2 protein chains.
Amino acid sequence: MESEGHETEPGTTRPGGRTARVRAAVLEAAGDVLAEHGFAHLDLADVARRAGVGKTTVYRRWGTATGLVTDLLLDMAQQSVPRTETGSLLGDLTANARLVQRTLADPRQGALFKAVIAAATCDPKAAEALHGFYAVRVKEWAPCVRQAAARGEVPEDTDPYEVIRAASAPLYYRLLTTDLPLDEAAADRAATATAAAARAGAFGRGA
Amino acid sequence: MESEGHETEPGTTRPGGRTARVRAAVLEAAGDVLAEHGFAHLDLADVARRAGVGKTTVYRRWGTATGLVTDLLLDMAQQSVPRTETGSLLGDLTANARLVQRTLADPRQGALFKAVIAAATCDPKAAEALHGFYAVRVKEWAPCVRQAAARGEVPEDTDPYEVIRAASAPLYYRLLTTDLPLDEAAADRAATATAAAARAGAFGRGA
DNA sequence: CAACTAACGGAACGGGAGTCCCGTTATGGA
DNA sequence: TCCATAACGGGACTCCCGTTCCGTTAGTTG
């Protein structure tokens, strides 16, 4: 029962050089393990071995499997793919859906996202990180819905966030609850359906 | 390295009486643990203690946490809520979406589904069971789309399964990737959007 | 370029998860 | 009803996850 007041986390006072190298090596190794064996078999000692890093270090800095996955997600959040603009809502949503589809269909990336979702259902910290991750992504794409509203494609009171989420949702649902292939047709269908619903005013804030 | 040919699993030769009682007690205890602490802290020894059952028995019959969750899902699959018929596609989809929403919003049930999803992302057996579970549910509701097609509400070539999945997807996506409330409004929005998209022919098999 | 110390790494340790052994219970069939 | 044995249960045992201790390495500051 430590009675001390909030000691500084390892890696915060001297974030440069070796500390950063260790983090990079560990996160890469963790990604490898997740892609190969999945979240259930994510053993911190194994990660340390692969990363060429002391077991103690991994336990000290990340503590648990969910903690490690959470940091991996924070790292993933850094690399942002820029949004493309096509001039129509359907075009923009299709671009978004295909981006999501390619990411989830990629063996390594798909496994990582599955692991992150699994971690989020177990651990509040991981869940918070995951929610933040998607909040950023959704916010990034929301402007395309506002532009569509400005063009008169959809009603003025359309909720942009709901539209963007609606375009991704079927892809995640398909990934998690079926063994059907996550192909481009699925992405296009999600985009088409979302665009049609948005045009019909299904995402109006009032209704 | 057993060279023996496929020994019978415990519980298959004498499924009645004590065996069934043990299974019921263990599954209930497992559900309690999942609802309280989540999948990450599902300890088989703890489950055995709560169920008033020998630790050895739990390890022998279920082996791992994912195995236990898988059996729990098979048990959940038994209880089927009958489909309601309202006479319109929007009405039927709303009924379906609200059923899903109420299930996921319920503290215990919601926790169970989260756990099952987490297990499915880790273990192939669990994934197979989960996919089967949703295949049955989707199949159960598909007729309402065919009836809508017969009434001329949606195009003839509409894929019923895709429509049903589309109605649930936003709710699961919201549950997993956001901290927004999973309320009835979200369910109604999902149903409205799906119905509108279906009417517009977004779930046509050809397109 | 020193000095200070944050952060790492090896090694030994403790505890609990998972296994094994074998005696006990009670089910399904004759 | 009785028998054969499937399935359970307790307890001892093993192994490895996670922790602790402390010496070593290398950022950071002046």
Side-chain angles (χ1 to χ4, degrees), chain A residues 1-30 33-34 37-71 119 122-123 125, chain B residues 1-2 4-30 33-34 37-71 119 122-123:
Chain A
M1 332 260 152
E2 60 267 14
S3 56
E4 350 216 323
H6 221 280
E7 303 213 342
T8 57
E9 293 286 311
T12 54
T13 311
R14 286 178 183 173
R18 178 169 61 169
T19 298
R21 270 200 307 281
V22 165
R23 185 171 114 108
V26 167
L27 292 186
E28 189 184 335
V33 174
L34 287 176
H37 307 296
F39 179 64
H41 303 296
L42 182 62
D43 173 30
L44 297 213
D46 182 37
V47 171
R49 214 173 306 124
R50 288 174 181 243
V53 157
K55 181 177 70 157
T56 313
T57 301
V58 177
Y59 278 105
R60 190 166 32 218
R61 282 186 63 180
W62 290 280
T64 63
T66 58
L68 185 52
V69 171
T70 301
D71 195 37
C122 297
D123 183 78
K125 280 278 181 192
Chain B
M1 347 226 131
E2 61 265 18
E4 351 215 323
H6 222 279
E7 304 210 345
T8 59
E9 293 286 311
T12 53
T13 312
R14 286 179 184 171
R18 180 170 58 171
T19 299
R21 271 199 306 281
V22 165
R23 186 170 114 109
V26 167
L27 292 186
E28 190 184 334
V33 174
L34 288 177
H37 308 295
F39 179 65
H41 302 294
L42 182 62
D43 173 31
L44 298 213
D46 182 37
V47 170
R49 214 174 306 123
R50 288 173 180 244
V53 157
K55 181 175 71 159
T56 313
T57 301
V58 177
Y59 279 105
R60 189 166 34 218
R61 283 188 63 182
W62 291 279
T64 64
T66 58
L68 186 52
V69 172
T70 302
D71 196 35
C122 297
D123 182 78

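Order of the sequence lines fixes the chain letters, A, B, ..., with proteins taken first and strands second; residue numbering starts at 1 for each chain. Here the structure is a predicted model, which means the values were calculated and not measured. Side chains are part of it too, since the values below use all heavy atoms of this structure and drop only hydrogens, waters and symmetry mates.
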What bend angle does the helix from C/dC1-D/dG30 to C/dA30-D/dT1 show across its length, from five-pair end axes and to the nearest 10 degrees?
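For the helix from C/dC1-D/dG30 to C/dA30-D/dT1, the axes at either end differ by 60°.
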
What's the [atom1]-[atom2] distance between [X] and [N], to the nearest Å?
X       : N      : atom1 : atom2 : value
A/Asp43 : D/dC16 : CG    : P     : 11 Å
B/Trp62 : C/dT19 : CH2   : P     : 15 Å
B/Asp46 : C/dG18 : CG    : P     : 12 Å
A/Leu68 : D/dG18 : CG    : C1'   : 15 Å
A/Arg49 : C/dA11 : CZ    : P     : 15 Å

Could you tell me whether B/Asp71 and B/Arg23 make a salt bridge, using a distance below 4.0 angstrom between a side-chain N and a carboxylate O?
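Counted as a salt bridge, because a side-chain N and a carboxylate O are separated by less than 4.0 Å.
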
Picking from [options], which would you name as closest to the side chain of [X]?
X       : options                : value
B/Tyr59 : C/dG10, C/dT27, C/dG18 : C/dG18
B/Arg61 : D/dG27, D/dC8, D/dC17  : D/dC8
A/Arg18 : D/dA26, D/dC21, D/dG10 : D/dA26

Is there a side-chain contact between [X] and [Y] (heavy atoms, below 4.5 Å)?
X        : Y       : answer
B/Asp123 : B/Val69 : no
A/Thr57  : A/Arg60 : yes
B/Arg61  : B/Val26 : no

Do A/Lys55 side-chain and C/dG9 base share a donor-acceptor contact under 3.5 Å?
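Under the 3.5 Å cut-off, the side chain and the base do not form any donor-acceptor pair.
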
Before giving the answer on side-chain contact (heavy atoms from CB on, under 4.5 Å), spell out for A/His41 and A/Asp46 the whole-Å C-alpha distance, their side-chain angles and the decisive distance to 0.1 Å.
CA-CA 10 Å; A/His41 303 296; A/Asp46 182 37; over 6 Å; no

By nearest nucleotide on DNA chain C, pick out whichever of A/Thr56 and B/Leu44 is the more 5' one.
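In this pair, the answer is A/Thr56.
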
Residue whose closest nucleotide on DNA chain C lies nearer the 5' end, B/Arg60 versus B/Arg21:
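It is B/Arg60, whose closest nucleotide lies nearer the 5' terminus.
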
Assign B/Gly11 to base, sugar-phosphate, or nothing according to its heavy-atom contacts below 4.0 angstrom with the strands shown.
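Sugar-phosphate only.
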
Donor-acceptor under 3.5 Å (B/Thr70 side chain, B/Thr66 main chain):
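Indeed, once roles are kept as given, a pair shorter than 3.5 Å links the two residues.
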
Rounded distance (nearest 0.5 Å) linking atom CG of A/Leu42 with atom CG of A/Leu34:
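It comes to 5.0 Å.
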
